[in-house]
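Start at 1 with the first residue, then count along the sequence. Order of listing sets the numbers, starting from 1, for every ligand and every atom in it.
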Amino acid sequence: MKGRILVTGGAGYIGSHTAVELQNAGYEVIILDNLSNSNAEVIDGIERITGIRPAFVKMDLQDKEALRQLFEDYPGIKGVINFAASKAVGESVKKPLLYYRNNLVTILNLLDLMPDYGVEALVFSSSCTVYGQPDILPVTEEAPIKPALSPYGNTKQICEEIITDTIHAGAPFKSILLRYFNPVGAHPSAEIGELPLGVPQNLLPYVTQTAMGIREKLSVFGDDYDTPDGSCIRDYIHVVDLAKAHVKAVDRMLNGESADAVEIFNLGTGKGVSVLELIKTFEESTGVKLNYEIVGRREGDITKVWADPEKANKVLGWTATETLADTLTSAWKWQQHLREKGIM
Ligand code: NAD
Ligand code: UFG
């Protein structure tokens with residue numbers, strides 16, 4: 001065993017895939033989750049994939065005394081990966097206090113208690129949303145932070161600042177801030193994947209639900225942008241690739257390889273894909289025809305963004321390896337699994 005890692009929000013989409021990769025790499029995983037946006041059966045899925053059942057503590061990370069009890073019950077936690085957060089951009093505009101409270105109180109509790117229990121490393125889930133519409137593409141970690149377009153985006157910026165200030169003030173641990181581009185897809189086993197509640201807001205779950213007939217038609221939000229085919233461009237990264245980057249980040253900090261006490265890495269493929277290209281690749285790789293129509297722009301969407309992943313490639317030693325076709329196929333396989341299980 002390489003050491004104990006606490007994965008907050010580990011029953012969620014990215015957290016569950018990361019728990020799998022941490023266990024595959026020999027870490028002991030403790031999952032903390034209040035199941036506000038996930039299901040306890042995910043723990044079974046992780047066990048079926050890895051053969052190891054991670055410890056699971058159902059609790060709210062806003063509850064500091066419960067967190068203290070967790071650290072008491074599981075001594076020797078070496079690292080924390082903090083996925084626990086509320087993440088729906090639109091909802092955050094309507095319920096800002098819910099977002100500020102959940103996303104900030106949770107990180108404050110961790111930062112307060114980690115030193116008491118000798119935790120050496122913190123990985124934080126940030127987002128390319130901090131760059132807004134970048135002036136230069138691909139976007140590097142040095143690109144300026146733009147004013148946030150939503151309370152959700154603002155919480156990511158504020159959390160990055162809180163962690164950085166805390167470490168600069170002498171906190172006895174290191175941190176890596178990971179700025180994800182657009183995580184999509186599912187584990188190839190289809191044992192775990194994304195489980196959006198209600199009508200999906202993100203593109204790929206909407207695509208797979210439309211392909212399954214759960215939604216009648218996909219709306220493509222705009223074909224009059226300043227891009228080659230007029231639809232918006234993003235950097236879609238397979239969630240398993242993304243999960244593996246977290247293992248690299250934990251290894252780096254625990255092995256004493258960090259160049260600075262706080263480091264930032266972009267996690268993307270480096271390739272921009274338009275909405276229409278994604279639809280075409282989905283149809284070609286799954287053989288399923290998609291019912292879609294072009295509608296007006298969605299408010300707040302940026303035109304185009306994709307990562308310069310060179311720092312992650314060279315410094316972290318991590319590169320996204322999955323193709324877009326395989327990524328989309330994994331998402332479709334997951335959707336089929338949900339149908340087979342009668343979930344949707
Ligand atoms: P998710 O909702 O699937 O996972 C988050 C998990 O945290 C859920 O299981 C939820 O139940 C749990 N949680 C929320 N608040 C909690 C609390 N107070 N106490 C305990 N558990 C709590 O989301 P995800 O897509 O896996 O995202 C994980 C992280 O990555 C989030 O911080 C998110 O903001 C960030 N992120 C996600 C994306 C994306 O597109 N999915 C992009 C950039 C950054
Ligand atoms: N889109 C459609 N139709 C849909 C849904 C989305 O055309 O039904 C388009 C959007 O207009 C956008 C692209 O598909 O051009 C991707 O949209 P998503 O909502 O899937 O992703 P975003 O890039 O808008 O945002 C997501 C998360 C944010 C996160 C960001 C970067 O929702 O929280 O990725 O990680 F910050």
*When the ring planes of H337 and W334 are compared, do they come out parallel, tilted or perpendicular, using 30° and 60° as the limits?*
parallel
_Electrostatic pair K311-E141, nearest N-O below 4.0 angstrom_ = no
*Taking S258 for the side chain and A261 for the main chain, is one N or O donor matched with an acceptor at less than 3.5 Å?*
no
Can you produce the list of protein nitrogen or oxygen atoms under 3.5 Å from a nitrogen or oxygen of ligand 2, alongside each distance?
| unit_1 | atom_1 | unit_2 | atom_2 | d |
| --- | --- | --- | --- | --- |
| ligand 2 | 3 (N) | S219 | O | 2.7 |
| ligand 2 | 7 (O) | S219 | O | 3.4 |
| ligand 2 | 7 (O) | F221 | N | 2.9 |
| ligand 2 | 11 (O) | D301 | OD2 | 2.5 |
| ligand 2 | 17 (O) | R298 | NH2 | 3.4 |
| ligand 2 | 19 (O) | N202 | ND2 | 3.1 |
| ligand 2 | 19 (O) | R298 | NH1 | 3.4 |
| ligand 2 | 19 (O) | R298 | NH2 | 2.9 |
| ligand 2 | 20 (O) | N202 | ND2 | 3.3 |
| ligand 2 | 20 (O) | L203 | N | 2.8 |
| ligand 2 | 21 (O) | N182 | ND2 | 3.1 |
| ligand 2 | 23 (O) | N182 | ND2 | 2.9 |
| ligand 2 | 23 (O) | R234 | NE | 2.6 |
| ligand 2 | 24 (O) | R298 | NH2 | 3.0 |
| ligand 2 | 32 (O) | N202 | ND2 | 2.9 |
| ligand 2 | 34 (O) | N182 | ND2 | 3.4 |
| ligand 2 | 35 (O) | S127 | OG | 3.4 |
| ligand 2 | 35 (O) | Y180 | O | 3.3 |
| ligand 2 | 35 (O) | F181 | O | 2.7 |

*With no hydrogens and no angle check, do the side chains of T155 and N103 hold a donor and an acceptor under 3.5 Å apart?*
yes
_Which residues share a side-chain contact (heavy atoms from CB on, under 4.5 Å) with D116, sequence neighbours left out_ = R68, L113
*For Y225, is the NZ or CZ atom of R297 found under 6.0 angstrom from the centre of its six-membered ring and inside 45 degrees of the ring axis?*
yes
*Is the OH atom of Y117 crowded by more than 12 outside heavy atoms at less than 6.0 Å?*
yes
*Under 6.0 Å between ring centres, would you say that holds for Y180 and H246?*
yes
Please set out all donor-acceptor pairs under 3.5 angstrom arising from side-chain atoms of residues 76-93, sequence neighbours excluded.
| unit_1 | atom_1 | unit_2 | atom_2 | d |
| --- | --- | --- | --- | --- |
| N82 | OD1 | T8 | OG1 | 2.4 |
| S86 | OG | N102 | ND2 | 2.9 |
| E91 | OE1 | Y99 | OH | 2.4 |
| S92 | OG | V89 | O | 2.7 |
| S92 | OG | Y152 | N | 3.0 |

*Can you pull the residues with any heavy atom under 4.0 Å from ligand 1?*
G9, A11, G12, Y13, I14, L32, D33, N34, L35, S36, N37, S38, M59, D60, L61, F83, A84, A85, K87, N102, T106, S125, S126, S127, Y152, K156, Y180, P183
